[in-house]
Asks: 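First the structure, then my questions, so here it is.
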2 protein chains.
Amino acid sequence: MKLTISDLAKMTGLAKSTISGVLNNKDGFSEKTRQKVLQAAEQYGYVPNEIARGLSTKYTKTIGLVIKDIANPFYSKLTKGVQEVAGEYGYTVFLCSSFEDHHTEKEQIQAMLSRRVDGLIVAPLLEEVTFDHLFDLKAKSVPFVLLGSVPGLDSSYVEFDDYDGGRQVTEHLLERGHRSIGFAAGLPTSRASRERLRACRDVLSAHGLALRPEFTFEGAQELADGVEIGRKLIAMKERPSALICFDDVVALGVVKAFQSEGLRIPEEMSLTGFDDIDLMIFPLTTVSIPTYEAGKALARTLFGRIFGGPDTPPQRIVFDEKLVVRSSVRTAAN
Amino acid sequence: MKLTISDLAKMTGLAKSTISGVLNNKDGFSEKTRQKVLQAAEQYGYVPNEIARGLSTKYTKTIGLVIKDIANPFYSKLTKGVQEVAGEYGYTVFLCSSFEDHHTEKEQIQAMLSRRVDGLIVAPLLEEVTFDHLFDLKAKSVPFVLLGSVPGLDSSYVEFDDYDGGRQVTEHLLERGHRSIGFAAGLPTSRASRERLRACRDVLSAHGLALRPEFTFEGAQELADGVEIGRKLIAMKERPSALICFDDVVALGVVKAFQSEGLRIPEEMSLTGFDDIDLMIFPLTTVSIPTYEAGKALARTLFGRIFGGPDTPPQRIVFDEKLVVRSSVRTAAN
DNA sequence: AAAATAAATTGAACCGGTTCAATTTCCTGT
DNA sequence: ACAGGAAATTGAACCGGTTCAATTTATTTT
């Protein structure tokens, strides 16, 4: 059915190796043969079998991308960046979602390895349990780049300065006179969320303040979680004067809840997010994260390693997070 | 470096074929051998090479997904659905984005084929030029499913009843008394946009009305395009009383433009969208599209074909679009 | 015109699996 | 103890490429 190199060999009366050589632009072939091969390949619509090629060359021209959830704008934008760079290199990307499950993450990485990807980009879940699977990658000297560093693992990574982002919003709120601040954190598996929370706590405590447990929420992930947090806040007799959401999606959920109950932002409560997603139309004060650029950087770093060989020194790239002041934070009457 | 089946054979003193057989759960092996093989594989951490396996079995356990833009929530949600079903089948998905370019679309499909994917899901761009590459797939009897049917191509597809969606919004607007309606269409390569526009025109003309050219915009794709359209409308002395946007992202852009200029929706202009994206917090009257379900349906249909063989009759699945009335459309003072 | 050198082409082995006919080993019944 | 049949194991060919030493062909040189 499918045309193979041997078929072409038969048709042109040349040897397999000749066909292969010409098709791979190796030199040492006469112009005549070259033309004959090229012509035949063109005419019969020969499509090389990358699987077979991969088997002998060990290069599959394929990279794996393991993220948490493609439906989240943060990851879809990052993915776009990765894809674009991969395309430039003639690479195709395997997309895997861990769906926030540690076991799935391991499985997906395993699947990528058995498919012999040339390299991996992983946005690992943070788990108490173990990073064995990542250390394994290193031990096997599979080229890989992480989104976010992993303690003790001397690997390439791209990360955002989430701690600093958290610092910036918190200080901004303090400057505007807020003293009672709430925090809607993400899943405990999110490094970004943890860092932001930690920064917030640090800054507050440096000012002699603290996050009150009843104003601290955990596990927010989707819009619906934000809505729920919003509802809870509405139901409270006493509320923080400002709420930091660990990402824009959650913030949007809170906005939605507030809107439907007629609670006004920032008059009745100030609100901030993280990511600065494109689809935001609410004038949310947030922290912008260069997701798309990070995706590109991840891919570029990975290719650096793939082509540079195992002795390429690990690269660490940190992107800054930048406060974007809009109008969801009011100056609090102290 | 990597452990192969031959290595295991050497270590256990058995034949390659025995190792392979046991690992693939074929029967006809003694319990003793079976254990010996399994044990060794486990102990030395054997990972099968899917590339090699793919070469001889012709099954790569891989499908290709070619979409336009992963950063668009419509596609990222659809992708999530595809991925989830693929995962159930132990398949991994290659993600390709055409970035709205017809040539890239062809290339990506080609790349997938040379990687010998077991099947393809394609959201094809609509182009005057040609669907040759899709007809080719059929000719080569590569299993594939399209998002949206292609005229003359008798293939499996999943689509939305975009015409009916367009009908619904338009009628809704007419019922609410709107007579001067604008339309912000997408790229001409979008089937959905075309169908919706066509429906709108049909309904209007059935009521003796028409879309005025100056209220009809083309090529809207991202939020920024919506913003621009919004600005243009603001600058007009005379405006339509309602604007149908071909998707929520564009609608969001219009909302953004209006908000910044203080133009009120729906008081000064009514607005509708399509998709009913999760991140919508603006009470936009829109048409909901079961993107995620469509992704799952696409994948399931594809697997039906992959496992059912070439004689599987083409499946056509049409998902309904449903008007979701919120509060961005007012009853017009005629 | 023969020898030396350079250029072009080829054949066989290999990558890591799968497959299946052929062979070997193990039981069973007599 | 042995023939016969069933069960277990094996070896070789194959999938479709790449690689490279060896061979063949062409071109120079003397």
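What you see is a predicted model, and the numbers here were worked out from it, not measured in a lab. Residue numbering restarts at 1 for every chain, and letters A, B, ... go by the order of the sequence lines. As a basis for the values below, the full set of heavy atoms in this structure was taken, side chains included, without hydrogen atoms, waters or symmetry mates.
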Asks: For G28(B) and for R116(B), find the nucleotide of DNA chain D with the closest heavy atom, then tell me which residue's nucleotide is more 5'.
Replies: G28(B)

Asks: If you assign G21(B) and L55(B) each to the DNA chain C nucleotide with the nearest heavy atom, which residue ends up on the more 5' nucleotide?
Replies: L55(B)

Asks: Hey, what do you get for OG1 (T62(A)) to CG (D118(A)), rounding to the nearest 0.5 Å?
Replies: 6.5 Å

Asks: Quick one: how far along DNA chain D does chain A reach, first to last nucleotide 5' to 3', anything under 4.0 Å to a heavy atom?
Replies: dG16(D) to dC20(D)

Asks: DNA chain C: K58(A) or E31(A), which has the more 5' nearest nucleotide?
Replies: E31(A)

Asks: What's I51(B) touching, base or sugar-phosphate or nothing? Going by heavy atoms closer than 4.0 Å.
Replies: nothing

Asks: Using five base pairs at each end to define the local axes, how bent is the helix from dA1(C)-dT30(D) to dT30(C)-dA1(D), to the nearest 10°?
Replies: 50°

Asks: Measure the acute angle between the ring planes of Y59(A) and F307(A), then classify it against the limits of 30° and 60° as parallel, tilted or perpendicular.
Replies: tilted

Asks: Could you pick out which residue, G13(B) or T57(B), lies toward the 5' side of DNA chain D when each is mapped onto its nearest nucleotide?
Replies: G13(B)

Asks: So what does Y59(B) hit on the nucleic acid, given a heavy-atom distance under 4.0 Å: a base, only sugar-phosphate, or nothing?
Replies: nothing

Asks: Just wondering, more than 12 heavy atoms not from D27(B) lying within 6.0 Å of its CG?
Replies: no

Asks: If you look at every strand shown and take non-hydrogen atoms under 4.0 Å, does S17(A) touch a base, only sugar-phosphate, or nothing?
Replies: base

Asks: Any side-chain heavy atom of I121(A) sitting closer than 4.5 Å to one from L147(A)?
Replies: no

Asks: Kindly indicate whether the side chain of P124(B), heavy atoms from C-beta on, has any atom under 4.5 Å from the side chain of E105(B).
Replies: yes

Asks: Base, sugar-phosphate, or nothing for T18(B), non-hydrogen atoms under 4.0 angstrom?
Replies: base

Asks: What's K26(A) touching, base or sugar-phosphate or nothing? Going by heavy atoms closer than 4.0 Å.
Replies: sugar-phosphate

Asks: Should the ring pair F160(A) and F74(A) be called parallel, tilted or perpendicular, given that the plane angle runs from 0 to 90° and is split at 30 and 60?
Replies: perpendicular

Asks: Begin with the C-alpha distance, continue with both residues' side-chain angles, and end with the deciding distance and a verdict on salt bridge (Lys or Arg N to Asp or Glu O under 4.0 Å) for E159(A) and R316(A).
Replies: CA-CA 8 Å; E159(A) 70 180 4; R316(A) 295 149 231 279; over 6 Å; no

Asks: Heavy atoms under 4.0 Å, any strand shown: does S20(A) hit a base, just sugar-phosphate, or nothing?
Replies: base

Asks: May I ask you to test the Q43(A)-Q39(A) pair for a side-chain heavy-atom distance under 4.5 Å?
Replies: yes

Asks: For salt bridge (Lys or Arg N to Asp or Glu O under 4.0 Å), just list the numbers for R53(B) and E50(B), CA-CA rounded to whole Å, side-chain angles, deciding distance to a tenth of an Å, and then say yes or no.
Replies: CA-CA 5 Å; R53(B) 191 206 292 264; E50(B) 288 291 342; 3.4 Å; yes

Asks: Just how far, in rounded Å, is C1' of dT24(C) from CG of L14(B)?
Replies: 14 Å

